[in-house]
Amino acid sequence: MFGSHKRVDMALNRDVERLLKSADHGVLPIVEAGEPVLRAQCVQYDGQLSKHTLHKLIETMRTTMLAAPGVGLAGPQIGLNLALAVVEDHADGDDDPREIAEFPFHVIINPAYEPVGEETRSFYEGCLSVEGYQAVRKRWLDIVAHWHDEDGNRHEERLHGWPARIFQHETDHLSGELYIDKAEIRSLTTVENLEDFWCEDPVPTQAAKELGFDL
């Protein structure tokens, strides 16, 4: 259970309350690439916030994520240097090469992951903090994910395909990493061009070979 051996950080709690009050109809601005908070190692969460504030924070992060719209949102993306994120996707991935699958709403606090096996997949990926662009990013196909929920309960689950990609993306945010750091940079494209040229092929293999990046 969080906070069993320490008190709420009242100064931080007040800062978070002020942040939440600034939300416009429950939606916070999303921090964009270049802001230092996106490059910082996040502080592990251990009960620094009151239960009431944590609950409101989670609710606001979910509202902000869905409004964007996105499938994940990490603390740094709202300017908060705490190791927590929210994830959720209800896409239908039948016959999708990305192996999209239902990923119910999760609060992931202090998340971590390890690859299972050596298989990877390379697909176009985007980020709410790098709005308007996507690039091909190689990620582990299968992982074992670890996290705590908002009540401090520990979870472990094997994730595959798209849910595994989402978990890796959001967890990486908490160590100051953006997906573009390890993307195939020659594949970088605007979302508009992605839809115009690659929308029917999440991994345009022949074009990728011609551009010279490694899938």
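Quick note: residue numbers are just sequence positions, from 1.
- How far CZ of R7 is from OG of S50: 15.0 Å, rounded to the nearest 0.5 Å.
- The minimum heavy-atom distance linking A101 with P163 is given by the pair O-CG, 3.9 Å.
- The backbone N or O of L28 lies less than 3.5 Å from a partner atom in the side chain of T64, making a donor-acceptor pair.
- Among pairs with a residue in residues 126-136, those fulfilling side chain to side chain donor-acceptor pair (under 3.5 Å) read Q77-S129, at least two apart in sequence or across chains.
- Side chain to side chain, H55 and E150 fail the donor-acceptor criterion of an N or O pair below 3.5 Å.
- Of the possible polar contacts, one joining the Q48 side chain to the D46 backbone as a donor-acceptor pair under 3.5 Å is found.
- Among all heavy-atom pairs drawn from I100 and A91, the shortest one is CG2-CB, 3.6 Å.
- Side-chain atoms of D151 never come within 3.5 Å of backbone atoms of N153 as a donor-acceptor pair (strictly under, hydrogens ignored).
- At a threshold of 4.0 Å, the pair E184-K138 does not count as salt-bridged, since none of the basic side-chain nitrogens sits closer than that to a carboxylate oxygen.
- Contact record, L159 with A145: CD1-CB, 3.8 Å, taken as the closest heavy-atom pair.
- Nearest heavy-atom pair, C42 versus A83, reported as atom, atom and distance to 0.1 Å: CB-N, 3.8 Å.
- Clustering ILVMFWY residues whenever any of their side-chain heavy atoms sit less than 4.5 angstrom apart, transitively, puts L20 in the very cluster that holds I109.
- Under the 4.5 Å side-chain heavy-atom criterion for ILVMFWY residues, a single connected hydrophobic cluster contains both L12 and I58.
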- request: I would like to know whether E17 and H52 meet side chain to side chain contact (heavy atoms under 4.5 Å, CB included); could you show each step before the answer?
  value: CA-CA 10 Å; E17 286 286 351; H52 176 70; 4.1 Å; yes
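- Judged purely by atom type and a 3.5 angstrom limit, T60 uses its side chain to pair as donor or acceptor with the backbone of K56.
- Classified by interplanar angle (parallel below 30°, tilted 30° to 60°, perpendicular above 60°), the ring pair F167/Y113 is perpendicular.
- Between the side chain of S175 and the main chain of D172, a donor-acceptor pair closer than 3.5 Å is present.
- Of the possible donor and acceptor atoms, one in the side chain of S22 sits under 3.5 Å from a partner among the backbone N and O of L19.
- Using a 4.5 Å cut-off on side-chain heavy atoms (C-beta onward), Y45 and L54 make contact.
- No more than 12 heavy atoms of other residues, nucleotides or ligands shown are found within 6.0 angstrom of CD on E118.
- Using a 4.5 Å cut-off between side-chain heavy atoms of Ile, Leu, Val, Met, Phe, Trp and Tyr, with links allowed through other members, L84 and L174 fall into different hydrophobic clusters.
- One finds no salt bridge joining R39 and E177 here, because no Lys/Arg side-chain nitrogen approaches an Asp/Glu carboxylate oxygen to under 4.0 Å.
- A donor-acceptor pair shorter than 3.5 Å cannot be found between the side chains of H155 and E157.
- The distance from atom CH2 of W140 to atom CD of E119, rounded to the nearest 0.5 Å, is 10.5 Å.
- Residues V107 and L80 fall within the same hydrophobic cluster, defined by Ile, Leu, Val, Met, Phe, Trp and Tyr side chains chained together at heavy-atom separations under 4.5 Å.
- Rounding to the nearest 0.5 angstrom, the gap separating the NZ atom in K182 from the CZ atom in R139 is 8.5 Å.
- Checked by atom type and distance alone, the side chain of R137 pairs as donor or acceptor with a backbone atom of Y179 at under 3.5 Å.
- I78 approaches L57 most closely through the heavy-atom pair CD1-CD1, 3.8 Å.
- Looking at L194 and T190, their side chains never come closer than 4.5 Å, going by heavy atoms from C-beta outward.
- A donor-acceptor pair shorter than 3.5 Å can be found between the side chains of H160 and D142.
- When the shell of 6.0 Å around CD of E114 is examined, it contains more than 12 heavy atoms from other residues, nucleotides or ligands.
- Of all non-hydrogen atoms in N13 and L49, the two that sit nearest each other are OD1-CA, 3.4 Å.
- We find the OG1-CE distance between T63 and M61 to be 11.0 Å, quoted to the nearest 0.5 Å.
- Salt bridge R165/D89: absent, no basic N to carboxylate O contact under 4.0 Å.
- Note that CE of M65 is 9.5 Å distant from CG of L128, once rounded to the nearest 0.5 Å.
- At a threshold of 4.5 Å between non-hydrogen side-chain atoms, the residues Y124 and T189 count as touching.
- At a threshold of 4.0 Å, the pair D9-R14 does not count as salt-bridged, since none of the basic side-chain nitrogens sits closer than that to a carboxylate oxygen.
- Atoms OG1 and NZ, on T53 and K51 in that order, are 12.5 Å from each other to the nearest 0.5 Å.
- Hydrophobic cluster membership differs between V71 and L141, with clusters built from Ile, Leu, Val, Met, Phe, Trp and Tyr side chains linked at under 4.5 angstrom.
- Looking at H169 and C127, their side chains come closer than 4.5 Å, going by heavy atoms from C-beta outward.
- Heavy atoms from other residues, nucleotides or ligands lying under 6.0 Å from CD of E32 number 12 at most.
- Counting heavy atoms from C-beta outward, F123 and W162 have side chains that stay 4.5 Å or more apart.
- Listed by chain and residue number, F103, H106, I108, I166, E170 satisfy the side-chain contact (heavy atoms from CB on, under 4.5 Å) test with V87 (two or more places apart in sequence, or in another chain).
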